[in-house]
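Here is the naming used below: chain letters follow the sequence lines, and residue numbers restart at 1 for every chain.
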2 protein chains.
Amino acid sequence: MSRRSAKTTSKAQPFGVPFLLSQVGAHVAGCFAERIAPLGLRPYHAGILGVLSHNAGITQQALSDLLGMFPSRLVGLLDDLGKANLIERRASPSDRRTYALHLTKGGRDALAKIGKLATQMQEDICAALSEKERAALADMLNRIVDQQKITPGVHPGYRRMDGACGEEESRPAKR
Amino acid sequence: MSRRSAKTTSKAQPFGVPFLLSQVGAHVAGCFAERIAPLGLRPYHAGILGVLSHNAGITQQALSDLLGMFPSRLVGLLDDLGKANLIERRASPSDRRTYALHLTKGGRDALAKIGKLATQMQEDICAALSEKERAALADMLNRIVDQQKITPGVHPGYRRMDGACGEEESRPAKR
DNA sequence: TATTGTTATACTCTATAACTATA
DNA sequence: TATAGTTATAGAGTATAACAATA
(Lines give C-alpha, C1' and ligand atoms only; values in the text may rest on other atoms or scores of the structure.)
Protein backbone atom coordinates (compact mmCIF):
# COMPACT_ATOMS: atom_id res chain seq x y z
CA MET A 1 0.00 0.00 0.00
CA SER A 2 1.11 3.55 0.63
CA ARG A 3 4.44 3.85 2.34
CA ARG A 4 4.63 6.27 5.17
CA SER A 5 7.05 9.13 5.50
CA ALA A 6 10.45 8.26 6.89
CA LYS A 7 9.73 8.87 10.58
CA THR A 8 11.00 6.38 13.08
CA THR A 9 8.24 3.93 12.44
CA SER A 10 9.03 0.61 10.90
CA LYS A 11 8.06 -0.37 7.38
CA ALA A 12 5.18 -2.65 6.65
CA GLN A 13 5.83 -5.69 8.81
CA PRO A 14 3.79 -8.84 9.11
CA PHE A 15 2.41 -8.42 12.58
CA GLY A 16 0.50 -11.46 13.75
CA VAL A 17 -3.11 -11.66 14.80
CA PRO A 18 -2.28 -11.92 18.52
CA PHE A 19 -0.27 -8.71 18.47
CA LEU A 20 -2.91 -6.90 16.43
CA LEU A 21 -5.65 -8.06 18.78
CA SER A 22 -3.73 -6.93 21.84
CA GLN A 23 -2.77 -3.66 20.20
CA VAL A 24 -6.24 -2.73 19.03
CA GLY A 25 -7.77 -4.01 22.25
CA ALA A 26 -5.54 -1.78 24.34
CA HIS A 27 -6.33 1.16 22.11
CA VAL A 28 -10.05 0.59 22.44
CA ALA A 29 -9.74 0.20 26.20
CA GLY A 30 -7.90 3.50 26.42
CA CYS A 31 -10.53 5.25 24.34
CA PHE A 32 -13.29 3.82 26.47
CA ALA A 33 -11.56 4.94 29.66
CA GLU A 34 -11.29 8.45 28.29
CA ARG A 35 -14.89 8.60 27.28
CA ILE A 36 -16.44 7.43 30.52
CA ALA A 37 -14.12 9.57 32.63
CA PRO A 38 -16.55 12.54 32.39
CA LEU A 39 -19.14 10.35 34.08
CA GLY A 40 -16.80 9.98 37.01
CA LEU A 41 -16.36 6.32 36.19
CA ARG A 42 -13.50 4.06 35.24
CA PRO A 43 -13.72 0.94 33.10
CA TYR A 44 -13.77 -1.25 36.20
CA HIS A 45 -16.88 0.51 37.42
CA ALA A 46 -18.63 0.22 34.07
CA GLY A 47 -17.89 -3.48 33.87
CA ILE A 48 -19.37 -4.09 37.29
CA LEU A 49 -22.52 -2.19 36.39
CA GLY A 50 -22.86 -4.35 33.32
CA VAL A 51 -22.39 -7.59 35.20
CA LEU A 52 -24.84 -6.50 37.89
CA SER A 53 -27.48 -5.75 35.29
CA HIS A 54 -27.49 -9.44 34.37
CA ASN A 55 -26.87 -10.79 37.86
CA ALA A 56 -29.13 -8.83 40.16
CA GLY A 57 -28.82 -9.77 43.81
CA ILE A 58 -25.43 -11.41 43.49
CA THR A 59 -23.24 -11.38 46.60
CA GLN A 60 -19.83 -9.76 46.73
CA GLN A 61 -18.18 -13.12 47.14
CA ALA A 62 -19.87 -14.53 44.07
CA LEU A 63 -19.11 -11.38 42.12
CA SER A 64 -15.43 -11.46 43.00
CA ASP A 65 -15.43 -15.11 41.95
CA LEU A 66 -17.07 -14.29 38.65
CA LEU A 67 -14.67 -11.46 37.93
CA GLY A 68 -11.67 -13.40 39.20
CA MET A 69 -10.56 -10.65 41.54
CA PHE A 70 -9.84 -10.48 45.24
CA PRO A 71 -12.85 -9.60 47.40
CA SER A 72 -10.84 -6.92 49.12
CA ARG A 73 -10.18 -5.25 45.81
CA LEU A 74 -13.85 -5.31 44.97
CA VAL A 75 -14.82 -3.49 48.14
CA GLY A 76 -13.34 -0.19 47.05
CA LEU A 77 -14.96 -0.31 43.65
CA LEU A 78 -18.36 -1.06 45.17
CA ASP A 79 -17.82 1.74 47.66
CA ASP A 80 -17.28 4.13 44.76
CA LEU A 81 -20.43 2.95 43.04
CA GLY A 82 -22.36 3.10 46.29
CA LYS A 83 -21.24 6.64 47.06
CA ALA A 84 -22.35 7.65 43.57
CA ASN A 85 -25.72 6.00 44.25
CA LEU A 86 -25.39 3.66 41.30
CA ILE A 87 -25.68 0.47 43.31
CA GLU A 88 -27.02 -0.56 46.67
CA ARG A 89 -26.05 -3.31 49.08
CA ARG A 90 -29.26 -4.79 50.33
CA ALA A 91 -29.14 -6.75 53.57
CA SER A 92 -29.88 -10.41 53.05
CA PRO A 93 -32.63 -11.72 55.35
CA SER A 94 -31.46 -15.32 55.39
CA ASP A 95 -27.75 -14.74 55.99
CA ARG A 96 -26.86 -11.52 57.69
CA ARG A 97 -23.25 -11.74 56.65
CA THR A 98 -23.99 -11.24 52.98
CA TYR A 99 -25.25 -8.34 50.93
CA ALA A 100 -27.27 -8.62 47.76
CA LEU A 101 -25.97 -6.22 45.13
CA HIS A 102 -28.48 -4.30 43.03
CA LEU A 103 -28.39 -1.49 40.52
CA THR A 104 -30.28 1.62 41.54
CA LYS A 105 -32.27 3.78 39.15
CA GLY A 106 -29.15 5.94 38.82
CA GLY A 107 -27.11 2.86 38.05
CA ARG A 108 -29.44 1.85 35.25
CA ASP A 109 -29.33 5.36 33.87
CA ALA A 110 -25.55 5.39 33.97
CA LEU A 111 -25.47 2.05 32.22
CA ALA A 112 -27.73 3.40 29.50
CA LYS A 113 -25.37 6.33 29.01
CA ILE A 114 -22.46 3.94 28.79
CA GLY A 115 -24.36 1.95 26.21
CA LYS A 116 -24.88 4.97 23.99
CA LEU A 117 -21.26 5.84 24.39
CA ALA A 118 -20.28 2.32 23.37
CA THR A 119 -22.46 2.53 20.30
CA GLN A 120 -20.75 5.75 19.34
CA MET A 121 -17.37 4.15 19.93
CA GLN A 122 -18.25 1.23 17.69
CA GLU A 123 -19.01 3.71 14.97
CA ASP A 124 -15.63 5.38 15.42
CA ILE A 125 -13.51 2.28 15.86
CA CYS A 126 -15.09 0.47 12.93
CA ALA A 127 -15.06 3.45 10.60
CA ALA A 128 -12.79 1.57 8.20
CA LEU A 129 -15.11 -1.42 8.01
CA SER A 130 -18.33 -2.04 6.14
CA GLU A 131 -21.48 -3.15 7.92
CA LYS A 132 -20.95 -6.65 6.70
CA GLU A 133 -17.37 -6.67 7.94
CA ARG A 134 -18.37 -5.41 11.36
CA ALA A 135 -20.77 -8.28 11.71
CA ALA A 136 -18.12 -10.73 10.55
CA LEU A 137 -15.63 -9.26 13.01
CA ALA A 138 -18.08 -9.53 15.90
CA ASP A 139 -18.85 -13.09 14.92
CA MET A 140 -15.20 -14.10 14.81
CA LEU A 141 -14.46 -12.43 18.13
CA ASN A 142 -17.42 -14.15 19.73
CA ARG A 143 -16.17 -17.48 18.49
CA ILE A 144 -12.73 -16.77 19.92
CA VAL A 145 -14.33 -15.88 23.25
CA ASP A 146 -16.19 -19.15 23.19
CA GLN A 147 -13.28 -21.31 22.10
CA GLN A 148 -10.87 -19.67 24.56
CA LYS A 149 -13.37 -20.18 27.35
CA ILE A 150 -13.50 -16.52 28.20
CA THR A 151 -16.60 -15.73 30.26
CA PRO A 152 -18.90 -13.73 27.98
CA GLY A 153 -19.37 -10.18 29.17
CA VAL A 154 -16.58 -10.39 31.72
CA HIS A 155 -13.41 -8.47 30.98
CA PRO A 156 -10.16 -10.29 31.78
CA GLY A 157 -8.75 -7.05 33.13
CA TYR A 158 -10.19 -7.80 36.56
CA ARG A 159 -8.47 -11.12 36.69
CA ARG A 160 -5.36 -11.61 38.71
CA MET A 161 -2.84 -13.15 36.36
CA ASP A 162 -2.31 -16.60 37.73
CA GLY A 163 -3.24 -19.24 35.22
CA ALA A 164 -5.89 -17.65 33.10
CA CYS A 165 -4.57 -18.82 29.76
CA GLY A 166 -5.29 -21.80 27.53
CA GLU A 167 -2.64 -24.52 27.57
CA GLU A 168 -4.62 -27.15 29.47
CA GLU A 169 -8.23 -28.08 29.77
CA SER A 170 -8.22 -28.40 33.53
CA ARG A 171 -10.06 -25.63 35.29
CA PRO A 172 -9.94 -26.79 38.90
CA ALA A 173 -12.48 -24.34 40.28
CA LYS A 174 -9.71 -22.22 41.80
CA ARG A 175 -10.01 -22.14 45.52
CA MET B 1 -20.76 -24.69 47.47
CA SER B 2 -24.37 -23.93 46.80
CA ARG B 3 -23.67 -20.55 45.27
CA ARG B 4 -21.21 -21.73 42.68
CA SER B 5 -23.64 -24.17 41.14
CA ALA B 6 -25.97 -21.58 39.67
CA LYS B 7 -23.34 -20.56 37.12
CA THR B 8 -23.75 -16.87 37.64
CA THR B 9 -22.81 -16.02 34.08
CA SER B 10 -25.21 -14.04 31.96
CA LYS B 11 -27.07 -15.38 28.97
CA ALA B 12 -26.19 -14.56 25.41
CA GLN B 13 -26.03 -10.78 25.23
CA PRO B 14 -25.24 -8.55 22.29
CA PHE B 15 -21.81 -7.29 23.26
CA GLY B 16 -20.47 -4.67 20.91
CA VAL B 17 -17.30 -4.82 18.85
CA PRO B 18 -15.38 -2.42 21.14
CA PHE B 19 -16.02 -4.56 24.19
CA LEU B 20 -15.16 -7.74 22.33
CA LEU B 21 -11.94 -6.23 21.02
CA SER B 22 -10.90 -5.06 24.44
CA GLN B 23 -11.88 -8.35 26.03
CA VAL B 24 -10.08 -10.56 23.56
CA GLY B 25 -7.13 -8.18 23.44
CA ALA B 26 -6.69 -8.34 27.20
CA HIS B 27 -6.97 -12.10 27.11
CA VAL B 28 -4.31 -12.38 24.43
CA ALA B 29 -2.05 -9.97 26.30
CA GLY B 30 -2.37 -12.08 29.43
CA CYS B 31 -1.56 -15.25 27.53
CA PHE B 32 1.44 -13.63 25.94
CA ALA B 33 2.71 -12.42 29.31
CA GLU B 34 2.43 -15.94 30.68
CA ARG B 35 4.26 -17.47 27.79
CA ILE B 36 7.25 -15.16 27.73
CA ALA B 37 7.61 -15.21 31.51
CA PRO B 38 9.84 -18.34 31.33
CA LEU B 39 12.25 -16.28 29.21
CA GLY B 40 12.55 -13.86 32.10
CA LEU B 41 10.80 -11.21 30.03
CA ARG B 42 7.64 -9.21 30.30
CA PRO B 43 5.56 -7.85 27.42
CA TYR B 44 7.19 -4.43 27.76
CA HIS B 45 10.59 -5.97 27.19
CA ALA B 46 9.45 -7.95 24.18
CA GLY B 47 7.90 -4.88 22.61
CA ILE B 48 11.11 -2.92 22.98
CA LEU B 49 13.14 -5.70 21.40
CA GLY B 50 10.75 -5.68 18.47
CA VAL B 51 10.94 -1.93 18.03
CA LEU B 52 14.72 -1.97 18.27
CA SER B 53 14.95 -4.61 15.57
CA HIS B 54 13.42 -2.12 13.14
CA ASN B 55 15.05 0.99 14.60
CA ALA B 56 18.65 0.07 15.27
CA GLY B 57 20.72 2.86 16.81
CA ILE B 58 17.76 4.85 18.09
CA THR B 59 18.37 7.01 21.15
CA GLN B 60 16.50 6.59 24.41
CA GLN B 61 14.83 9.93 23.94
CA ALA B 62 13.58 9.02 20.49
CA LEU B 63 12.47 5.62 21.71
CA SER B 64 10.51 7.05 24.61
CA ASP B 65 8.91 9.44 22.15
CA LEU B 66 8.00 6.63 19.79
CA LEU B 67 6.52 4.53 22.58
CA GLY B 68 4.84 7.50 24.22
CA MET B 69 6.33 6.80 27.61
CA PHE B 70 8.39 8.80 30.06
CA PRO B 71 12.16 8.52 29.56
CA SER B 72 12.59 7.75 33.23
CA ARG B 73 10.28 4.80 32.92
CA LEU B 74 12.24 3.51 29.97
CA VAL B 75 15.51 3.48 31.87
CA GLY B 76 14.54 0.60 34.10
CA LEU B 77 13.30 -1.52 31.22
CA LEU B 78 16.51 -0.93 29.26
CA ASP B 79 18.52 -1.74 32.37
CA ASP B 80 16.74 -5.10 32.56
CA LEU B 81 17.45 -5.81 28.92
CA GLY B 82 21.04 -4.69 29.30
CA LYS B 83 21.64 -6.87 32.34
CA ALA B 84 20.27 -9.83 30.37
CA ASN B 85 22.67 -8.96 27.54
CA LEU B 86 19.87 -8.54 25.03
CA ILE B 87 20.66 -4.95 24.14
CA GLU B 88 23.63 -2.65 24.37
CA ARG B 89 23.92 1.09 24.78
CA ARG B 90 26.66 2.18 22.42
CA ALA B 91 28.31 5.51 23.09
CA SER B 92 27.56 8.02 20.39
CA PRO B 93 30.70 9.64 18.96
CA SER B 94 29.02 12.85 17.83
CA ASP B 95 27.02 13.60 20.96
CA ARG B 96 28.35 12.13 24.15
CA ARG B 97 25.09 12.63 25.99
CA THR B 98 23.26 10.08 23.90
CA TYR B 99 23.44 6.33 23.59
CA ALA B 100 22.62 4.39 20.45
CA LEU B 101 20.51 1.36 21.30
CA HIS B 102 21.26 -1.91 19.55
CA LEU B 103 20.17 -5.51 19.85
CA THR B 104 22.91 -7.96 20.73
CA LYS B 105 23.17 -11.45 19.31
CA GLY B 106 21.34 -12.62 22.42
CA GLY B 107 18.65 -10.06 21.79
CA ARG B 108 18.11 -11.26 18.25
CA ASP B 109 17.93 -14.83 19.50
CA ALA B 110 15.40 -13.89 22.15
CA LEU B 111 13.35 -12.08 19.54
CA ALA B 112 13.38 -15.18 17.35
CA LYS B 113 12.12 -17.25 20.28
CA ILE B 114 9.39 -14.72 20.89
CA GLY B 115 8.45 -14.93 17.23
CA LYS B 116 8.00 -18.68 17.37
CA LEU B 117 6.02 -18.31 20.51
CA ALA B 118 3.79 -15.75 18.80
CA THR B 119 3.23 -18.08 15.88
CA GLN B 120 2.18 -20.81 18.28
CA MET B 121 -0.12 -18.38 20.04
CA GLN B 122 -1.77 -17.41 16.78
CA GLU B 123 -2.51 -21.06 16.21
CA ASP B 124 -4.10 -21.35 19.64
CA ILE B 125 -6.01 -18.08 19.65
CA CYS B 126 -7.37 -18.55 16.16
CA ALA B 127 -8.28 -22.20 16.60
CA ALA B 128 -11.92 -21.39 15.96
CA LEU B 129 -11.20 -19.63 12.68
CA SER B 130 -10.41 -20.90 9.21
CA GLU B 131 -7.30 -19.84 7.36
CA LYS B 132 -9.36 -17.51 5.25
CA GLU B 133 -10.97 -15.98 8.31
CA ARG B 134 -7.64 -15.42 10.00
CA ALA B 135 -6.45 -13.49 7.00
CA ALA B 136 -9.66 -11.47 6.95
CA LEU B 137 -9.32 -10.74 10.66
CA ALA B 138 -5.72 -9.58 10.28
CA ASP B 139 -6.73 -7.41 7.38
CA MET B 140 -9.56 -5.76 9.27
CA LEU B 141 -7.39 -5.17 12.33
CA ASN B 142 -4.68 -3.64 10.18
CA ARG B 143 -7.19 -1.31 8.65
CA ILE B 144 -8.41 -0.29 12.10
CA VAL B 145 -4.80 0.37 13.14
CA ASP B 146 -4.36 2.55 10.09
CA GLN B 147 -7.63 4.42 10.39
CA GLN B 148 -7.21 4.98 14.13
CA LYS B 149 -3.70 6.28 13.55
CA ILE B 150 -2.14 3.74 15.83
CA THR B 151 1.57 3.44 15.13
CA PRO B 152 2.07 0.04 13.51
CA GLY B 153 4.09 -2.31 15.68
CA VAL B 154 3.86 -0.11 18.75
CA HIS B 155 1.65 -1.30 21.56
CA PRO B 156 -0.50 1.40 23.21
CA GLY B 157 0.27 -0.16 26.58
CA TYR B 158 3.39 1.93 26.90
CA ARG B 159 1.49 5.09 26.37
CA ARG B 160 0.61 7.36 29.24
CA MET B 161 -3.10 8.01 28.97
CA ASP B 162 -3.33 11.65 28.15
CA GLY B 163 -5.09 12.20 24.85
CA ALA B 164 -4.27 9.11 22.87
CA CYS B 165 -7.75 8.60 21.48
CA GLY B 166 -9.41 9.65 18.25
CA GLU B 167 -11.83 12.57 18.58
CA GLU B 168 -9.69 15.21 16.87
CA GLU B 169 -7.23 15.22 14.03
CA SER B 170 -4.67 17.38 15.78
CA ARG B 171 -1.54 15.50 16.79
CA PRO B 172 0.69 18.31 18.03
CA ALA B 173 3.90 16.29 18.08
CA LYS B 174 3.75 16.04 21.89
CA ARG B 175 7.10 17.34 23.04
C1' DT C 1 20.41 27.98 28.42
C1' DA C 2 18.66 23.54 26.56
C1' DT C 3 18.91 18.57 26.22
C1' DT C 4 20.08 13.44 27.35
C1' DG C 5 19.98 10.09 30.41
C1' DT C 6 19.56 9.08 35.31
C1' DT C 7 18.14 9.09 40.11
C1' DA C 8 14.87 10.35 43.82
C1' DT C 9 10.40 10.93 45.50
C1' DA C 10 5.59 10.64 45.87
C1' DC C 11 1.47 8.58 44.59
C1' DT C 12 -1.57 4.91 42.88
C1' DC C 13 -2.88 0.34 42.56
C1' DT C 14 -3.17 -4.24 43.99
C1' DA C 15 -2.13 -8.60 46.74
C1' DT C 16 -1.92 -10.46 51.12
C1' DA C 17 -3.02 -10.85 55.72
C1' DA C 18 -5.56 -9.75 59.76
C1' DC C 19 -9.96 -8.67 61.72
C1' DT C 20 -15.44 -8.64 62.79
C1' DA C 21 -19.64 -10.46 62.72
C1' DT C 22 -22.16 -13.82 61.57
C1' DA C 23 -23.04 -18.78 60.61
C1' DT D 1 -14.68 -24.09 62.85
C1' DA D 2 -15.76 -21.77 58.55
C1' DT D 3 -17.43 -17.90 55.71
C1' DA D 4 -18.78 -12.77 54.03
C1' DG D 5 -17.30 -8.55 54.06
C1' DT D 6 -14.02 -5.12 55.63
C1' DT D 7 -9.79 -2.91 57.05
C1' DA D 8 -4.68 -2.68 57.33
C1' DT D 9 -0.29 -3.35 55.54
C1' DA D 10 3.12 -3.90 52.24
C1' DG D 11 4.85 -4.37 47.78
C1' DA D 12 4.93 -3.25 42.82
C1' DG D 13 4.41 0.13 39.18
C1' DT D 14 4.36 4.69 37.42
C1' DA D 15 4.41 9.95 37.05
C1' DT D 16 6.77 13.90 38.37
C1' DA D 17 10.62 16.45 39.80
C1' DA D 18 15.34 17.16 40.53
C1' DC D 19 19.98 16.21 39.02
C1' DA D 20 24.76 15.71 36.47
C1' DA D 21 26.95 15.71 32.18
C1' DT D 22 27.11 17.53 27.77
C1' DA D 23 25.77 20.50 24.08
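A straight line from CZ of B/Phe70 to P of C/dT9 spans 19 Å, rounded to a whole angstrom. Regarding B/Leu67, its CG atom lies at a distance of 13 Å from the P atom of C/dG5, rounded to whole Å. The OH atom of B/Tyr99 sits 10 Å away from the C1' atom of C/dT4 (whole-angstrom rounding). Here D/dA8 presents its C1' atom at 15 Å from CG of A/Asp79, a figure rounded to the nearest Å. Note: CG (A/Leu78) to P (D/dG5) measures 9 Å, nearest angstrom. Taking atom OH of residue A/Tyr158 and atom P of nucleotide C/dA15, one finds them 14 Å apart after rounding to whole Å. Between B/Arg159 atom CZ and D/dA15 atom P there is a gap of 12 Å when expressed in whole angstrom units. For B/Leu77 and D/dG13, the CG to P distance is 10 Å, given to the nearest whole Å.
Here A/Arg89 reaches the OP1 or OP2 of D/dT6: one of its side-chain N or O atoms lies under 4.0 Å away. For D/dT14, one of the phosphate oxygens OP1 or OP2 lies less than 4.0 angstrom from a side-chain nitrogen or oxygen of B/Tyr44. Distances shown here put every side-chain N or O of B/Arg73 at or beyond 4.0 Å from the OP1 or OP2 atom of D/dG13. For B/Arg96 and D/dA21, the shortest distance from a side-chain N or O to OP1 or OP2 is not below 4.0 Å. Distances shown here put every side-chain N or O of B/Arg160 at or beyond 4.0 Å from the OP1 or OP2 atom of C/dT12.
For D/dT3, its base sits under 3.5 Å from the side chain of A/Arg97 at one donor and acceptor pair at least. A donor-acceptor contact under 3.5 Å is not formed by the side chain of B/Ser72 with the base of D/dT14.
The pair A/Asp109-A/Lys105 counts as a salt bridge, with a side-chain nitrogen and a carboxylate oxygen less than 4.0 angstrom apart. Remark: A/Asp139 engages A/Arg143 in a salt bridge, criterion side-chain N to carboxylate O under 4.0 Å. Note on A/Lys83 versus A/Asp79: no salt bridge recorded, every NZ/NE/NH1/NH2 to OD/OE distance being 4.0 Å or above.
The aromatic rings of B/His54 and A/Phe15 stand perpendicular to each other, their planes meeting at an angle above 60°, with 30° marking the opposite boundary.
Side-chain contact check for B/Arg89 and B/Gln60: at least one donor-acceptor pair (N or O, by modelled atom type) lies under 3.5 Å.
Each of A/Arg42 and A/Asp95 has a nearest nucleotide on DNA chain C; the 5'-most of these lies closest to A/Arg42.
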